[in-house]
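What follows is a single structure, written as structure tokens, with notes after it.
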Amino acid sequence: MKSQDYIALDETYGAHNYHPLPVVISQASGCKVKDPEGKVYLDFLSAYSAVNQGHLHPHIVQAAKDQLERVTLTSRAFHNDKMGPFLKKLCEYSGYENALPMNTGAESVETALKAARRWGAEIKGVPNGKQEIICAEGNFHGRTIAAISMSNDPDSYINYGPYVPGFVKVPYADASAIEKAVNENTVAVCIEPIQGEAGVVVPPDGYLAAVRQICDRHNILFICDEVQTGFCRTGKRFAWQHEAARPDIMCVGKALGGGIMPISAILADHCVMDVYTPGTHGSTFGGNPLAGAIGIAAIEVLEDEHLDERAARLGEIFRKEVDAITCPKKVLVRGRGLLNAVVFEKGFEAWDVCMSLRDHGLLAKQTHGNIIRFAPPLVITDRELAEAISIIAQVFEKI
Ligand SMILES: *Cc1c(COP(=O)(O)O)cnc(C)c1O
């Protein structure tokens, strides 16, 4: 079958909840993906940062294969010999005392919200049912009913009511707006350290530290959603580390699965995590031994290949070189590490630019019409990055 045939099957049998670029991927390795016709592309989306270690990293694939011959699923009714070592690795890598494993990013956010509400009721003494969580406009925390109740993007929430109460929305990147929204029932502030889906919106320096201080002053929890920004993407292990604004609860997902399977978690210290007691939260698949084996290998790759330093260095090059490309419709290039976006004039439709990039062998996707996100696997070589920048220059110069 040809690419066109696969696309036709998707359109005939699939729900139409996405608008993908017309390209079919049937093989991948490292930074490169291939379509059924054999054309090779540089992957500049990395499955929304779930493939930081590159496609089919041999160390992670080997760990998965080995585990597939031992045991893959036990449920949490019993212990398994991979979950403990995995959680130890994750806690040591992130500097937290405890981890609670789930599967998708949205579940990790749910797990954080539930922990915060329970902490509010049991530790802070807010009457149950009154707990409030402050969140930021422009956020993306996933697709569950709670996550879309935090959203102010109509595409995400329209006609899915009734919405989950208890969320207070304030403008992003404005710490004083958070402080004004705090009251005696506030239990947490939940934000992304950089808003990924919003188009790689980087808050001003000092914002995260200010949020941390507000939370300390008012005895409320700081929840950082690092599902997209975590695991070296922004040039640090976690994006909050740019400001030493250590959150009370950190949500992680995406790259924790090493590009192989969904693995997520929340991280916290005992004082928060201990609100969870037997039976109060869980997941059939969370903490399964296959995920444990893959999660350990995924973190080992980040460490062994120093992907934080790599993302920081290559990100500087990317922004400098793409900034220098002449293109009258381009307004600015922004980002941290290898999480970057090019913003075009308001009203500009970037779809055709993505199509042209595709034709030149680079896959990237626009968001909000006029923004293109560029986020390659962090294992991208200097040469592949140079190749990508030259493709971007060729395409942008013709706009
Ligand atoms: C992708 C994402 C999520 C949701 O993760 P899923 O695995 O798709 O459920 C949550 N928060 C942020 C910041 C994300 O980028």
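Indexing begins at 1, ligand by ligand and atom by atom, following the structure's order. Just the heavy atoms: all of them, side chains too, but no hydrogens, waters or symmetry mates, feed the values below. This chain uses plain numbering: 1 for the first residue, then up along the sequence.
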With heavy atoms only and a cut-off of under 4.0 Å, state how Lys254 meets ligand 1: side chain, backbone, both or neither.
->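 The answer is the side chain.
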Measure Glu192 to ligand 1 on non-hydrogen atoms and call it side chain, backbone, both or neither using the 4.0 Å cut-off.
->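 The answer is the side chain.
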Nearest heavy-atom pair of Arg334 and Val201: which atoms, and what distance?
->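 Distance-wise, the nearest heavy atoms are NH2-CG2, 3.8 Å.
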For the residue pair Leu378 and Phe231, what are the closest heavy atoms and their distance?
->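 Scanning both residues, the minimum pair turns out to be CD1-O, 3.8 Å.
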Out of curiosity, is Phe140 lining ligand 1, as in a heavy atom under 4.0 Å away?
->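 A heavy atom of Phe140 does come that close to ligand 1.
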Considering only heavy atoms of [X], which atoms of ligand 1 have at least one such atom less than 4.0 Å away?
X	result
His141	10 (C), 11 (N)
Asp225	10 (C), 11 (N), 12 (C), 13 (C)
Ala106	4 (C), 5 (O), 6 (P), 9 (O)
Thr104	7 (O), 9 (O)

Within the structure, does Gly105 bring an N/O atom to less than 3.5 angstrom of an N/O atom in ligand 1?
->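 By distance alone, the answer is yes.
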Any N or O of Glu197 that comes nearer than 3.5 Å to an N or O of ligand 1?
->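 No, no N or O pair falls under 3.5 Å.
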Using a distance threshold of 4.0 Å (strictly less than), state whether atom 9 (O) of ligand 1 has a protein heavy-atom neighbour.
->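 Under the 4.0 Å cut-off, atom 9 (O) of ligand 1 does have protein heavy-atom neighbours.
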Does a salt bridge link [X] with [Y], judged by any charged N lying under 4.0 Å from a carboxylate O?
X	Y	value
Lys82	Asp66	no
Arg212	Asp248	yes
Asp269	Arg246	yes
Arg70	Asp81	yes
Lys89	Glu303	yes

